[in-house]
Amino acid sequence: MPFFGGVDFLEFDSLLSDEEKLARKTTRQFVDEKVLPIIVHHDRAGTFPMELVPEMAELGFFGASLKGYGCVEMSNVEYGLVTQELERGDSGLRSFVSVQSALVMYPIHAFGSDSQKEKWLPLLQQGKAIGCFGLTEPQFGSNPGGMLTRAVRKGASYVLDGEKMWITNGTIADVALIWAKGEDGRVRGFLVEKGTPGFKAWAIHGKQSLRASVTAGLALSSCQIPAENLLPGVEGLRGPLSCLNQARYGIGWGAIGPAMACYDAALTYSQQRKQFENRPIASHQLVQEKLVWMITEITKAQLLALQVGRLKDQGRVDPTHISMLKMNNVWMARETARMAREILGANGIVDDTCVMRHMNNLESVYTYEGTHDIHKLVIGERITGISAFT
Ligand code: TGC
Ligand code: FAD
């Protein structure tokens, strides 16, 4: 199968450095050679392709933009291009990397003690340990500040009680970062190791979206952990929300990947498929209108991602910039996948092409890491000065 050629209408590549193009090329090749041949099998089976973890570690995808501990220290733009290509393979793969890198390694790196960093970061970077991030609860999704999970100090331990829901990698994680309220009502982060008595994870079945990703519920029942497993460097909702900034940034780039794949599939199909007087369906204005919408929105999404990436590399990014990136680009990808599915007609509903798999995956991506509408409200608050959450 030929390598994916990319989608570049407006000389986007002229804005990238050689290092950035190399990061994209390496990931693109990995996805074309290693991911695409197996992903349909995993999507059908509802399994995550664990066999790819060692090579992803080798390629430096885990904690890619962090400093030290074996991390490859990519720029934020390079990391964004990596997530774009991974998600062109499947959102489940990008989710795995987002959780490992942005939601587990980043908080340990930013807020952990020296011994937590030395113990976990090299293992997580090498893919020898897997992490998960437990913020959402059955009754608290968009409003994590309401969480019920509690941590009570008892001598040299903390005792955790509560429930987490929709946790990516939950059943395969060696370490779970659990966000819980202390006795003072402030949110703190705790590292809970697999096998700790009172800690259970179970797989959520029946998903029609992100099938090649593990999603789990977690239960903590009188779960006693050493006091040194508390992340000492942060307290308050600012802790988990800072991690989400990192992950949402990767998602904003990532969503361009499935959009490019769906556009590419729709363009090729429309040029080959003939209806009415043996003319390609691409010759009809209504089909062209869809293709033009897609390429225009993909181009705008690329420029938005690059500008946010450049600001992040310069230390000037604001969380609301990242909200705009996540909100716009995931919406764009979801609409693109739907239009591509229409253009493919009946052929669009089977998994011989990537289109419906991406379309279904993007339903989760639209909802997790802050729903589309929550990001609207975040930006609305920034520009008006008025919160509309309640
Ligand atoms: P609010 O009162 O606004 O803020 C509380 C404290 O947090 C600070 N803060 C931030 N800090 C860093 N980054 C941000 N983006 C921040 N937003 C707010 C804020 O300054 C304040 O700090 P302090 O020191 O004054 O206490 O909080 P709120 O309760 O009103 O909530 C605001 C809201 C709704 C935007 C927030 O709760 C939110 O973002 N909700 C969405 C929840 C969400 O995104 N959950 C994601 C769960 S993880 C996930 O989905 C992983 S998917 C993984 C995969 O890729 O597979
Ligand atoms: P709700 O918060 O109940 O929202 C339902 C609807 O109401 C949405 O449309 C929302 O936009 C709307 N709504 C809510 N509040 C308002 C408001 N104030 N104004 C207007 N509209 C509003 N969480 C983790 O902690 N860790 C993970 O690893 C993780 N992985 C996930 C993986 C998958 C596959 C999925 C689907 C979810 C995952 N999540 C994870 C959970 C995810 O972050 C939540 O689903 C998300 O935050 C939304 O919460 P909710 O589903 O409870 O929806």
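Just so you know, ligand 1 is whichever comes first in the structure, and atom 1 is the first atom listed for that ligand.
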Atoms of ligand 1 less than 4.0 Å from V378 heavy atoms? 35 (C)
Using distance alone, decide if ligand 2 has a nitrogen or oxygen within less than 3.5 Å of any nitrogen or oxygen in Y368. no
In terms of residue, atom name and distance, what is the protein heavy atom nearest to atom 24 (O) of ligand 1? R238 CD, 4.0 Å
Side chain, backbone, both or neither: which part of F133 comes within less than 4.0 Å of ligand 1 when only heavy atoms are counted? side chain
Classify the side-chain pair T353/Y269 by whether it contains a donor and acceptor separated by less than 3.5 Å. no
Under 4.0 Å from atom 9 (O) of ligand 2, is there at least one protein heavy atom? no
Matching residue for S364 among S91, S213, S209 - test: side-chain hydrogen bond (donor to acceptor under 3.5 Å, both in side chains): S209
Where is the nearest protein heavy atom to atom 4 (O) of ligand 2: which residue, which atom, and how far? S142 OG, 3.8 Å
Considering non-hydrogen atoms of the protein only, which is the closest contact for atom 51 (C) of ligand 1, and what is the distance? E369 OE2, 3.4 Å
R28 NZ/CZ over F4 ring centroid, <6.0 Å and within 45° of normal: no
What about T168: any of its N or O atoms under 3.5 Å from an N or O on ligand 2? yes
Tell me which protein heavy atom sits closest to atom 51 (O) of ligand 2, plus the residue, atom name and distance to 0.1 Å. T367 CG2, 4.2 Å
Determine whether the side chain, the backbone, both or neither of L377 has a heavy atom under 4.0 Å from any heavy atom of ligand 1. neither
Give the residue and atom name of whichever protein heavy atom lies nearest to atom 41 (C) of ligand 1, and the separation in Å to one decimal. S142 O, 3.5 Å
Ignoring angles and geometry beyond distance, decide whether T215 reaches within less than 3.5 Å of ligand 2 through its nitrogen or oxygen atoms. no
Which residue from V365, N143, T136 reaches closest to atom 25 (O) of ligand 2 through any of its heavy atoms? T136
Backbone or side-chain N or O of R248 under 3.5 Å from ligand 1 N or O: yes
Per-atom contacts, ligand 2 versus F389 - under 4.0 Å to a heavy atom: 18 (N)
Looking only at the aromatic ring of each residue, does the gap between the centers of F62 and F96 stay below 6.0 angstrom? yes
Hey, does G370 come in under 3.5 Å of ligand 2, counting only N/O atoms on both sides? no
Return a yes/no value for A388: is any of its N or O atoms, backbone included, closer than 3.5 angstrom to an N or O of ligand 2? no
For atom 4 (O) of ligand 1, find the nearest protein heavy atom and state the residue, atom name and distance (0.1 Å precision). L241 CD1, 4.4 Å
Only heavy atoms count here, so choose which of I322, L244, I251 is nearest to atom 48 (S) of ligand 1. L244
Transitively linked via ILVMFWY side-chain contacts under 4.5 Å: M260 with L10? yes
I need the contact type for T136 against ligand 1. Using non-hydrogen atoms and a strict under-4.0 Å cut-off, is it side chain, backbone, both or neither? side chain
Is it the side chain (CB and beyond), the backbone, both or neither of W166 that lies under 4.0 Å from ligand 1, heavy atoms counted? neither
Please determine if L210 has a nitrogen or oxygen closer than 3.5 Å to a nitrogen or oxygen of ligand 2. no
Record the part of K207 in heavy-atom contact with ligand 2 below 4.0 Å; permitted values are side chain, backbone, both and neither. neither
For atom 54 (C) of ligand 1, which of the options G92, G254, S95, S98 provides the nearest non-hydrogen atom? S95
In the protein, which heavy atom is nearest to atom 28 (P) of ligand 1, and how far is it? L237 CD2, 4.2 Å
Could you identify the single nearest non-hydrogen protein atom to atom 42 (C) of ligand 1 and state the distance to 0.1 Å? G141 O, 3.7 Å
Verify the contact flag for atom 12 (C) of ligand 2, where contact means a protein heavy atom under 4.0 Å away. no
Would you tell me which option among D373, V99, T390, I374 has the nearest heavy-atom contact to atom 16 (C) of ligand 2? I374
